[in-house]
Amino acid sequence: MFPQKLTDSRAFEIAQTMLGGFNRHYRLFRATSAEAKRRFELADWHGQQRAQRERIEFYDKRVDEAIDLLEERYQASSLPMEVWQQVKLHYIGLLTNHHQPELAETFFNSVCTRILHHSYFHNDFIFVRPAVSTEYIENEELAAKPTYRAYYPTRENLHNTMRRVVTNFQLELEFEDLDRDVDLVLNAVRKQLGDFRWRTNFQIQVLSSLFYRNKGAYLVGKIINGFTETPFALPILHREPADPVAPASGKPLLYIDAALFGEDDLLMLFSFARAYFMVDMEVPSAYVQFLRSMMPRKPRAELYSAIGLQKHGKNLFYRDFLYHLRHSSDKFRIAPGIKGMVMLVFDLPSYPFVFKLIKDFFPAQKENTSRLSVQSKYLLVKQHDRVGRMADTLEYSNVAFPRHRFDEELVAELKHFCPSLLEIQGDDLVLKHVYIERRMVPLNIYLHEATPQQMEHAVIEYGNAIKDLVAANIFPGDMLWKNFGVTRHGKVVFYDYDEIEYLTDCNFRYVPEPRNEEEEMSGEVWYRVGPRDVFPETFGPFLLGHPGVRELFMRHHADLLDADYWQQHKLRILNGHVHDVFPYDPHKRFAHAQSRLTPASPPTVDGAALMAASHHDLSVQ
């Protein structure tokens with residue numbers, strides 16, 4: 001029940017203080033995102049990666065600052081609920097003309113639940129549902145950039161208009177040959193649209209900020225012609241001095257690498273297995289609305305996360321989850337597949353996500369594993385460039401589920417393996433710490449059901465996934481097939497993080513030659529093994545028991561069993577090299593860019609559709 005009168009003078013001051021904390025957060029968040037343009041122009045790839053990591057930490061730091069301030073000034077944790085209800089009403093009033101009201105509501109929730117030590121689902125004074133609309137928000141200041149720019153080309157000036165679309169972003173570096181690139185883009189547009197009639201409303205709409213990630217800047221927009229809207233994205237990359245086709249002058253130049261079209265290409269670009277973009281946005285809800293018009297199957301929660309606003313993405317995800325629970329009746333169950341030694345995994349058959357809890361105890365093989373070490377691995381993945389090969393995770397505390405929706409076998413497993421994380425409160429089953437990930441088809445199950453052609457593509461994708469992780473300075477540790485999943489688009493993604501290490505922290509060795517017959521015949525390891533020693537030639541017996549899989553693996557990825565392969569990549573990373581890993585099929589790249597293809601992203605057989613065919617019902621990208 002909300003108060004009918006606002007009687008406590010502290011409530012308005014607290015609301016102002018909380019909104020001030022959020023405004024400071026978004027100001028710093030936006031400044032770091034805007035600086036991505038300069039880092040891109042300077043080819044400061046390590047600075048870009050560092051900024052990605054640090055930006056993820058911004059939110060919690062600002063929440064902590066707001067809590068400390070509220071405790072110091074108002075002894076916030078001791079205030080009665082009536083005051084907090086008034087605070088919320090004042091806060092809603094302050095958001096009336098705000099440009100990021102949905103994010104400010106999430107910030108309010110984060111501060112309140114931390115101060116009052118109450119579970120999210122039991123509080124009636126936080127924003128369980130949005131209170132302020134985000135529709136039609138626009139910055140009306142004269143100097144402000146619009147959310148998107150619209151261009152109205154004619155047949156005669158289409159080339160010049162597309163050239164202006166690119167140059168309006170005012171990148172400091174020159175293009176190697178922008179007219180050539182524009183011609184390639186327009187040829188790709190004609191091929192995509194086919195023999196179409198030029199309608200009177202023909203236009204190109206482009207979001208006003210480039211999307212920066214890794215070593216690329218992405219121009220994102222859509223072509224409108226009549227009732228047809230065609231999403232597109234143009235990756236802009238550096239021509240590095242070491243490139244075989246680099247200009248003799250050695251001066252850094254830019255070029256457009258490819259033209260991506262349609263929802264599926266955009267879904268791959270905005271995949272849950274990739275790092276968050278850096279985008280300079282005054283009105284993030286308007287960006288999400290524009291992106292959703294191009295990717296209607298992509299949940300708003302994932303779009304907010306993709307543009308770096310993962311805390312609000314978590315908030316939206318939880319709202320979607322509660323909505324799904326209200327409109328379904330199936331039960332949570334132990335997830336199909338081989339059970340993990342570290343994580344207990346369960347799912348809801350009607351819901352395309354899995355829930356993972358760290359067990360309270362582990363078998364002898366995991367004697368060096370602890371809850372804190374596993375949590376640190378998941379944090380590493382969150383902050384690292386996931387290069388399309390590591391699933392993003394949502395981390396929650398004190399999540400309540402309806403007890404009657406849990407299969408009894410699952411409840412027994414929870415009580416046995418995770419008693420410290422389990423609490424039953426009346427009709428609720430509360431999990432104190434849980435990770436949530438997109439559900440994928442485990443690769444071992446996929447291979448068991450695959451046709452020969454699907455199996456070949458799966459093995460190729462598995463090796464490519466490992467090589468992309470290597471390029472990102474990640475050694476996956478446990479490379480068993482069961483720790484990888486297949487997405488709807490046929491991508492193979494890694495999702496078991498308890499043994500990952502930075503590649504540069506590992507020591508890749510060859511197995512020493514036995515010194516005598518006794519050592520040669522020994523069934524035990526007779527040579528010294530350090531804590532981070534890795535022997536790639538020993539991977540085979542664990543991974544290649546199936547003759548068909550072995551033949552395919554050795555044909556396409558035998559180098560993964562050679563310590564020299566790993567050592568060479570480790571050396572390149574230690575020398576400061578940042579690999580190119582492309583978030584699109586290498587065959588989509590323009591011909592002038594093909595010579596830049598690095599070993600980190602080898603061309604793949606065009607078989608993603610084949611892999612997806614037998615599992616088309618999973619809405620995973």
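If you're wondering where the values come from, they're calculated on a predicted model, not measured in any experiment.
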Check whether the ring centres of [X] and [Y] lie less than 6.0 Å apart, and answer yes or no.
X	Y	value
Phe107	Tyr26	no
Tyr462	His457	no
Phe355	Phe401	yes
Phe406	Phe346	yes

Note: Lys356-Glu437 ion pair, threshold 4.0 Å (strictly below)
yes

Look at the rings of [X] and [Y] and say which category their plane angle falls in: under 30° parallel, 30 to 60° tilted, over 60° perpendicular.
X	Y	result
Phe22	His25	tilted
His327	Tyr323	tilted
Tyr584	Tyr218	perpendicular
Tyr148	Phe290	tilted
His312	Tyr304	perpendicular

Determine yes or no for a side-chain-to-main-chain donor-acceptor pair under 3.5 angstrom, with Ser305 supplying the side chain and Glu302 the backbone.
no

Donor-acceptor pair, side chain of Ser110 and main chain of Thr106, under 3.5 angstrom:
yes

Please list, chain by chain and in numerical order, all residues satisfying salt bridge (Lys or Arg N to Asp or Glu O under 4.0 Å) with Lys331, sequence neighbours excluded.
none

Can you tell me how far CZ of Phe484 sits from CE of Met390, rounded to the nearest 0.5 angstrom?
10.5 Å

In this structure, CG of Leu422 is separated from CG of Asp360 (nearest 0.5 Å) by 10.0 Å

Are Arg439 and Phe353 in a cation-pi setup, meaning NZ or CZ lies under 6.0 angstrom from the ring centre and within 45 degrees of the ring axis?
no

After noting the C-alpha distance and the side-chain angles of Tyr378 and Tyr497, does the key distance pass the ring pair (Phe, Tyr, Trp, His ring centres under 6.0 Å) rule?
CA-CA 6 Å; Tyr378 274 79; Tyr497 305 142; 5.1 Å; yes

